[in-house]
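Heads up, the thing below is written out as structure tokens.
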2 protein chains.
Amino acid sequence: MKRRKQIIKYYISLHFATFACMKTEPELFKLKPIASLTMADQVESQLREYIIKRSIRPGDSIPKEMEIAEALGVSRNVVREALSRLRMLGLIESKKKRGMILTQPDVMKGLERILHPTILDMNVRKELFELRLVLEVGLGDLLFLRKTPEQLQQLDAIVEREQRATTQIERIRCEVDFHSTLYEMAGNDTLKRFQTILMPVFEYVVEYESKLEHTSVGSVTHADLVKILYGNNPEAFPNAMRKHLMPHLEHL
Amino acid sequence: MKRRKQIIKYYISLHFATFACMKTEPELFKLKPIASLTMADQVESQLREYIIKRSIRPGDSIPKEMEIAEALGVSRNVVREALSRLRMLGLIESKKKRGMILTQPDVMKGLERILHPTILDMNVRKELFELRLVLEVGLGDLLFLRKTPEQLQQLDAIVEREQRATTQIERIRCEVDFHSTLYEMAGNDTLKRFQTILMPVFEYVVEYESKLEHTSVGSVTHADLVKILYGNNPEAFPNAMRKHLMPHLEHL
DNA sequence: TTTGTATTTATGTAGTACATAATTATCTAA
DNA sequence: TTAGATAATTATGTACTACATAAATACAAA
């Protein structure tokens with residue numbers, strides 16, 4: 001009897017899909033592939049809606065798997081697939097007998113699963129690199145707002161290490177450390193994690209750009225940036241960083 | 001016999017968990033909650049590793065569900081939960097008989113599922129708002145690189161509409177349109193989608209900041225920004241945008 | 001009061017069965 | 001022979017059942 005119910009649903013969803021397609025594309029045969037949402041897709045969507053509509057807060061519990069399954073008329077299996085997704089995003093956690101509770105989702109959790117250079121195609125990587133440049137140029141005000149003497153000294157140390165560096169590897173390490181420390185200084189966890197996740201994506205850039213001769217060497221060094229940060233003039237930062245990143249910007 | 005295998009695995013993972021706990025926390029009762037990865041977690045992780053290690057390209061196919069299940073010694077059920085997650089991230093697609101193929105994952109797919117104001121707590125929303133400010137200040141170079149006459153005219157139109165606006169709602173709409181158009185001008189799809197997803201998160205800001213009296217009114221208007229964009233001096237942009245956003249920056 | 005044991009319950013995993021859709025193979029008719 | 005219809009094959013999608021595991025609760029014993 002339950003199976004019958006499911007079959008009916010199939011027809012309904014098919015009907016809706018066709019209707020939606022006709023509505024958005026009145027021309028005959030515009031042929032956008034039918035969405036064909038699986039049950040799991042729909043349950044996932046409904047669960048998210050449920051959470052939002054009822055404004056369920058972190059710590060609150062949501063219905064048991066069986067209750068959801070029965071309420072939606074699907075198998076527990078399907079519900080579990082949907083819940084599995086939300087669990088991955090950090091939206092829910094489940095304890096053995098307590099049922100499931102809403103948790104504060106981790107904004108970056110989905111991202112860090114796919115931000116891997118071999119998975120993303122060149123074009124997306126290029127866009128993410130641009131994103132990085134944009135972030136660093138705009139970072140100034142957060143830095144001036146939250147810089148601490150310790151962090152400034154840390155930057156000093158990195159600059160010094162860089163000047164003493166003899167190998168290319170060491171210089172690259174300093175480069176990475178310097179910029180990472182900047183993100184740290186910004187005092188924004190989301191931003192910092194974003195940078196951490198993004199970093200491995202840019203390995204290709206080093207390789208790619210090392211092949212090109214730099215038409216203009218970055219005229220602003222790390223030391224110059226630190227000097228600005230020691231000062232009290234946020235206006236100076238963006239364009240200093242722009243000049244520092246100019247070699248990269250010119251390759252866009 | 002298969003069940004036996006699984007039971008053994010349980011003991012092993014328990015052992016490791018205990019060991020890891022003791023190793024990182026020699027002090028008695030430091031009590032950090034045991035990770036306790038589920039099978040689905042592990043399978044998901046292994047699948048991602050498999051894809052990366054073998055450098056499988058979009059369009060390539062991956063093993064059938066049953067093959068994976070047998071290879072890993074878990075039930076098809078577990079494999080499906082893991083695959084369901086990857087499917088949600090846009091990492092794979094599955095056709096009825098063709099099996100599953102790798103697809104170019106959508107960087108923002110995970111994000112857009114949780115970036116909803118009622119789900120995120122205040123702190124994260126604040127961080128995301130900061131992120132937005134950082135992005136807009138740093139956006140300049142992409143804008144100058146890719147601006148088109150049509151887009152500049154579009155900005156003009158918005159500014160004009162804003163000046164004629166009589167209601168607060170209309171002014172807010174213009175505000176949103178203006179900044180959205182900027183992201184569009186940057187010619188970076190990832191960035192643009194990021195902004196689109198982020199927008200609804202900031203509704204609270206309007207509400208929140210309207211309660212505070214602005215100590216300094218943004219001295220740089222949209223019209224000023226457009227004038228700069230018509231020009232040919234990227235250096236002028238970051239600090240102009242900083243001044244434009246100053247009322248927000250001051251509330252950080 | 002504390003400790004230990006049994007019960008209950010919700011999640012985690014296994015396994016079977018079948019529906020659905022797409023591919024492939026086979027067969028028929030012009 | 002080839003086009004077109006039909007059947008067999010196969011991998012995913014869904015349902016259902018069974019049991020393991022862990023946590024909470026209740027209750028008994030020291």
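Residue numbering restarts at 1 for every chain, and letters A, B, ... go by the order of the sequence lines.
- By the side-chain contact (heavy atoms from CB on, under 4.5 Å) test, A/Glu93 is found to be paired with A/Lys95, A/Ile101, A/Thr103, residues two or more places apart in sequence or in another chain being considered.
- In terms of the side-chain contact (heavy atoms from CB on, under 4.5 Å) criterion, residue partners of B/Leu145 (sequence neighbours excluded) are, by chain and number, A/Leu252.
- Every residue meeting the side-chain contact (heavy atoms from CB on, under 4.5 Å) condition with A/Gln104, not counting sequence neighbours, appears here in chain and number order: A/Pro58, B/Leu120, B/Asp121.
- The interatomic distance linking A/Met66 (CE) with D/dA15 (P) rounds to 11 Å, in whole Å.
- Taking B/Glu136 as the reference, B/Arg132, B/His179, B/Tyr183 meet the side chain to side chain donor-acceptor pair (under 3.5 Å) condition, with sequence neighbours excluded.
- Within the structure, salt bridge (charged side-chain N to carboxylate O under 4.0 Å, His left out) pairs that include any residue of residues 190-199 of chain B comprise B/Asp106-B/Arg193, B/Glu112-B/Arg193, B/Glu184-B/Lys192 (at least two apart or interchain).
- For residues 77-87 of chain B, proximity to DNA chain C is found at B/Asn77, B/Val78, defined as any non-hydrogen atom under 4.0 angstrom from a strand atom.
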Within the sub-3.5 Å range, which N or O atoms of nucleotides 9-11 of chain D have a protein N or O partner, and how far apart are they?
{"residue": "D/dT10", "atom": "O4'", "partner": "B/Lys97", "partner atom": "NZ", "Å": "3.0"}
{"residue": "D/dA11", "atom": "O4'", "partner": "B/Lys97", "partner atom": "O", "Å": "3.4"}
{"residue": "D/dA11", "atom": "N3", "partner": "B/Lys96", "partner atom": "O", "Å": "3.2"}

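- Close to D/dG13, at under 4.0 Å from its OP1 or OP2, lies a side-chain N or O of B/Ser94.
- A/Glu93 places its CD atom 16 Å from the C1' atom of D/dA22, with the value rounded to the nearest Å.
- Using the six-membered ring where Trp is involved, A/Phe129 and A/Phe202 have ring planes that are perpendicular, over 60° apart on the 30 and 60° scheme.
- If you check the side chains of B/Asp177 and B/Ser180, you find no donor sitting under 3.5 Å from an acceptor.
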With both pairing distances under 3.5 angstrom for Watson-Crick or G-U wobble, and | for a partner in another strand, the correct string for DNA chain C is ||||||||||||||||||||||||||||||
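- Rounded to whole Å, the distance from CG on A/Leu37 to P on D/dG13 is 12 Å.
- Atom-to-atom, CD1 of B/Ile101 to C1' of C/dA22 comes out at 14 Å; the value is rounded to the nearest Å.
- For B/Pro63, the side-chain contact (heavy atoms from CB on, under 4.5 Å) criterion is met by B/Tyr50, B/Glu67, B/Ile68, not counting sequence neighbours.
- Evaluation of the side chain to side chain donor-acceptor pair (under 3.5 Å) rule for B/Thr181 yields no partner, not counting sequence neighbours.
- When the C1' atom of D/dT12 is taken as reference, atom CD1 of B/Ile68 falls 12 Å away, rounded to whole Å.
- Spacing between atom CE of B/Met39 and atom C1' of D/dC19 amounts to 15 Å, rounded to whole angstrom units.
- OP1 or OP2 of C/dT13 has not a single side-chain nitrogen or oxygen of B/Ser75 nearer than 4.0 Å.
- With sequence neighbours excluded, the residues forming a side chain to side chain donor-acceptor pair (under 3.5 Å) with B/Glu44 are A/Arg113, B/Arg48, B/Arg85, listed by chain and number.
- Nucleotides of DNA chain C nearest to A/Arg76 and B/Arg76 differ in position, and the one nearer the 5' end is that of A/Arg76.
- Counting only residues at least two apart or on different chains, the side-chain hydrogen bond (donor to acceptor under 3.5 Å, both in side chains) pairs with a member in residues 51-63 of chain B are B/Glu49-B/Lys53.
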